[in-house]
K.L.:
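I have a structure here, written as structure tokens, and I will follow up with some questions on it.
Computed from heavy atoms alone, side chains included, the values below leave out hydrogens, waters and symmetry copies.
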Amino acid sequence: MLFNDKYGPWALVAGASEGLGAALANGAGERGCNVVLIARTESKLADVAAHIERTYGVQTRTLSVDLSGPDAVQHVIEGVDDLEIGLFIYNAAAEPRGLFLDTPDDELVRNVYMNCTVPTLLTKSLAAKMVERRRGGIALCSSGGALQGLRIFAAYGAAKAYELLLAEGLWDELRGSGVDVMGYIIGTTLTPEFRRNMDVTPDVESSLRAAGAQSPEECAARFYEVFGSGPRGYASDHIEASFAANASLPRAEVVAALGEHMQANFG
């Protein structure tokens, strides 16, 4: 079965204005799906949409929605109500950074809302229609930070763990319905936002690459290779192997070592 026969005719990608989200949206277009792109900045969405239409000859729709806003779920559902969404990829995220006790309450609430509440409610709405049609796919983009507690990003990692386990549970619940679900675990990805936040020089990029960092395009290509193969997918063999190795070590050792790494690089 062709990709767009199983997961089309429309793919919906949240967080699609640049970086990995844009690469995932391009991947859907390349496979023959029309694409709905969601993010806050309309001008960036328009640029990505124009590229997809020009390159792949598919239709696009852009929805300028702040996914941390109180009416985000309603805006998205209303914005795609007339479309048959066969693939839903939630790549949007809030990412509070800093020691937990120093993080403002509103950032912690935004983290839970955008990383947990919104994908939960969107998934429920879209999955119900997919089950009726007996075909479709849902991917919740998680993080290596979901696999253990993480200093500096404790609340973010906890929210991403929720997304990962939600996807795995739904994979099991919806098996046999024709709907594939996956939690996609992403490591360091050299997105424009990451480059801005980390001031990535060529030397820094070389070091990050040596440690397994990927471009958004590499991460998206891997997604389309592994999607539909099970409840959990990894963005690279390196990420999967490193976390498999960590799983065999004492938990305190893993959390403390990664905490030291995060403090040195992000503290």
K.L.:
Test of understanding: clusters of I, L, V, M, F, W, Y form through side-chain heavy atoms closer than 4.5 Å, transitively. Do Leu63 and Met114 belong to the same one?
P.N.:
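Yes, one cluster joins them.
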
K.L.:
For Pro119 versus Leu140, what's the shortest heavy-atom pair and its separation?
P.N.:
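Scanning both residues completely, I find the closest heavy atoms to be CB-CD2, 4.3 Å.
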
K.L.:
Would Asp180 and Arg175 pass as an ion pair if we require N to O under 4.0 Å?
P.N.:
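No salt bridge links Asp180 with Arg175.
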
K.L.:
I need the Leu24 CG to Leu87 CG distance, nearest 0.5 Å.
P.N.:
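One finds 9.0 Å between CG of Leu24 and CG of Leu87.
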
K.L.:
Quick one: does Ser215's side chain have a donor or acceptor within less than 3.5 Å of a partner on Glu218's backbone?
P.N.:
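Between the backbone of Glu218 and the side chain of Ser215 there is a qualifying donor-acceptor contact (under 3.5 Å).
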
K.L.:
Tell me whether Leu108 is reachable from Ile152 by hopping between hydrophobic residues (I, L, V, M, F, W, Y) whose side-chain heavy atoms are closer than 4.5 Å.
P.N.:
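No, it is not one cluster - the side chains of Ile152 and Leu108 are not joined through contacts under 4.5 Å.
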
K.L.:
Taking all heavy atoms of Tyr113 and all of Pro70, pick out the closest pair and write down the distance.
P.N.:
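That would be OH-O, 3.3 Å.
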
K.L.:
Heavy atoms, side chains only, cut-off 4.5 Å: are Arg151 and Leu99 in contact?
P.N.:
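A side-chain contact under 4.5 Å exists here.
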
K.L.:
Do Val226 and Tyr234 have side-chain heavy atoms sitting under 4.5 Å apart?
P.N.:
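Sidechains of Tyr234 and Val226: no contact.
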
K.L.:
Of the non-hydrogen atoms in Tyr156 and Ala94, which two are nearest, and what is the gap between them?
P.N.:
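For Tyr156 versus Ala94, the nearest heavy atoms are CD1-O, 3.2 Å.
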
K.L.:
So, are Glu107 and Arg110 salt-bridged, with charged N and O less than 4.0 Å apart?
P.N.:
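Here Glu107 does not pair with Arg110 in a salt bridge, since their nearest N and O are not under 4.0 Å apart.
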
K.L.:
For a 4.5 angstrom cut-off between non-hydrogen side-chain atoms, does Leu126 reach Ile138?
P.N.:
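Answer no - side chains too far apart.
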
K.L.:
Taking the ring of Tyr184 and the ring of Phe227, is the distance between their centroids below 6.0 Å?
P.N.:
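Ring-ring flag for Phe227/Tyr184: false, centres at least 6.0 Å apart.
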
K.L.:
Quick one: pull up CG in Leu12 and CG in Leu37 and give me the separation to the nearest 0.5 Å.
P.N.:
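Answer rounded to 0.5 Å: 8.5 Å.
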
K.L.:
Indicate, with yes or no, if Phe223 and Trp10 share a hydrophobic cluster defined by side-chain heavy-atom contacts under 4.5 Å among Ile, Leu, Val, Met, Phe, Trp and Tyr.
P.N.:
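Cluster IDs for Trp10 and Phe223 differ.
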
K.L.:
Following the transitive rule for hydrophobic clusters with a side-chain heavy-atom cut-off under 4.5 Å over Ile, Leu, Val, Met, Phe, Trp and Tyr, establish whether Ile239 and Val254 coincide in one cluster.
P.N.:
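Shared cluster, no.
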
K.L.:
Heavy-atom count check: over 12 atoms from other residues, nucleotides or ligands less than 6.0 Å from Asp106 CG?
P.N.:
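Correct, the count exceeds 12.
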
K.L.:
Look at the rings of Tyr7 and Phe3 and say which category their plane angle falls in: under 30° parallel, 30 to 60° tilted, over 60° perpendicular.
P.N.:
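Rings of Tyr7 and Phe3: tilted, 30 to 60°.
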
K.L.:
Indicate if Ile38 and Leu121 have the same hydrophobic cluster label, given that clusters are the connected sets of ILVMFWY residues with side-chain heavy-atom separations under 4.5 angstrom.
P.N.:
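Yes; tracing contacts between hydrophobic side chains, which count when under 4.5 Å, links both residues.
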
K.L.:
With a 4.0 Å cut-off on N to O distance, would you call Glu217 and Arg222 a salt bridge?
P.N.:
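No.
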
K.L.:
Show your working on side-chain contact (heavy atoms from CB on, under 4.5 Å) between Gln74 and Asp71 and close with a plain yes or no.
P.N.:
CA-CA 5 Å; Gln74 179 182 349; Asp71 298 323; 4.3 Å; yes

K.L.:
Measuring only between side-chain heavy atoms, which start at C-beta, is Cys219 closer than 4.5 Å to Ile186?
P.N.:
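The answer is yes, as the side chains (C-beta and beyond) meet within the 4.5 Å cut-off.
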
K.L.:
Please report the closest heavy-atom contact between Gly183 and Ala167, naming both atoms and the distance.
P.N.:
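For Gly183 and Ala167, the tightest heavy-atom pair comes out as N-CB, 3.4 Å.
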
K.L.:
For Val179, is there any backbone N or O sitting under 3.5 Å from a side-chain donor or acceptor partner on Ser177?
P.N.:
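Yes; judged by distance alone, with no hydrogens or angles, the pair exists.
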
K.L.:
A side-chain contact here means heavy atoms from C-beta on lying under 4.5 Å apart; do Tyr56 and Val35 qualify?
P.N.:
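No, too far: nothing below the 4.5 Å cut-off.
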
K.L.:
Quick check: closest heavy atoms across Gly149 and Val255, and the distance to 0.1 Å?
P.N.:
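Result for this residue pair: O-CG1, 3.8 Å.
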
K.L.:
Please round to the nearest 0.5 Å and tell me the distance separating atom CG of Asp81 and atom CD1 of Ile85.
P.N.:
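Asp81 CG to Ile85 CD1: 10.0 Å, rounded to 0.5 Å.
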
K.L.:
Between Glu173 and Val181, is there a side-chain heavy-atom distance shorter than 4.5 Å?
P.N.:
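Not touching, per the 4.5 Å side-chain cut-off.
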
K.L.:
Report the C-alpha distance between Gln214 and Ser236 in whole Å, list the side-chain angles of each, state the deciding distance to 0.1 Å, and finish with yes or no for side-chain contact (heavy atoms from CB on, under 4.5 Å).
P.N.:
CA-CA 8 Å; Gln214 297 175 290; Ser236 72; 3.6 Å; yes

K.L.:
Just by modelled atom types, is the Thr60 backbone N or O under 3.5 Å from a matching donor or acceptor in the Asn34 side chain?
P.N.:
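Absent.
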
K.L.:
Within a 6.0 Å radius of atom CZ on Arg232, are there more than 12 heavy atoms belonging to other residues, nucleotides or ligands?
P.N.:
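Yes.
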
K.L.:
For the CD atom of Gln148 and the CG atom of Asn246, what is their distance to the nearest 0.5 Å?
P.N.:
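Output value for this atom pair is 6.5 Å.
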
K.L.:
Can you confirm whether the side chains of Glu42 and Thr62 place a donor and an acceptor under 3.5 Å from each other?
P.N.:
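Yes, a side-chain donor-acceptor pair sits under 3.5 Å.
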
K.L.:
Is a donor on one side and an acceptor on the other found under 3.5 Å between the side chain of Arg31 and the backbone of Gly27?
P.N.:
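The answer is yes, because a donor-acceptor pair under 3.5 Å joins these two groups.
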
K.L.:
Go through it in stages, so that I can follow the logic: the residues are Val36 and Val76, the test is side-chain contact (heavy atoms from CB on, under 4.5 Å), and I'd like the CA-CA distance, side-chain angles, deciding distance and then a yes or no.
P.N.:
CA-CA 10 Å; Val36 181; Val76 174; over 6 Å; no

K.L.:
Can you tell me how far apart CZ (Arg61) and CG (Leu45) are? Round to the nearest 0.5 Å.
P.N.:
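It comes to 13.5 Å.
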
K.L.:
Once you round to the nearest 0.5 Å, how far does CD1 of Ile89 lie from OH of Tyr224?
P.N.:
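One finds 4.0 Å between CD1 of Ile89 and OH of Tyr224.
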
K.L.:
For residues Val65 and His75, determine if any side-chain heavy atom of one lies less than 4.5 Å from a side-chain heavy atom of the other.
P.N.:
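Yes, close enough: below the 4.5 Å cut-off.
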
K.L.:
Run through Ser229, Cys141, Ser142, Pro231 and flag the one making a side chain to side chain contact (heavy atoms under 4.5 Å, CB included) with Met182.
P.N.:
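It is Ser229, the one option of Ser229, Cys141, Ser142, Pro231 that forms the side chain to side chain contact (heavy atoms under 4.5 Å, CB included) with Met182.
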
K.L.:
How far apart are the closest heavy atoms of Leu174 and Ala127, and which atoms are they?
P.N.:
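Closest pair (atom of Leu174, atom of Ala127, distance): CD1-CB, 4.5 Å.
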
K.L.:
Quick check against the 3.5 Å criterion: does Thr55 have a side-chain atom that pairs as donor or acceptor with the backbone of Ile52?
P.N.:
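No.
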
K.L.:
Could you tell me if the side chain of Leu164 sits less than 4.5 Å from the side chain of Leu147, heavy atoms only?
P.N.:
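Yes, side chains in contact.
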
K.L.:
Between Ser64 and Arg40, is there a donor-acceptor pair closer than 3.5 Å when you use the side chain of the first and the backbone of the second?
P.N.:
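Here the side-chain-to-backbone pair exists.
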
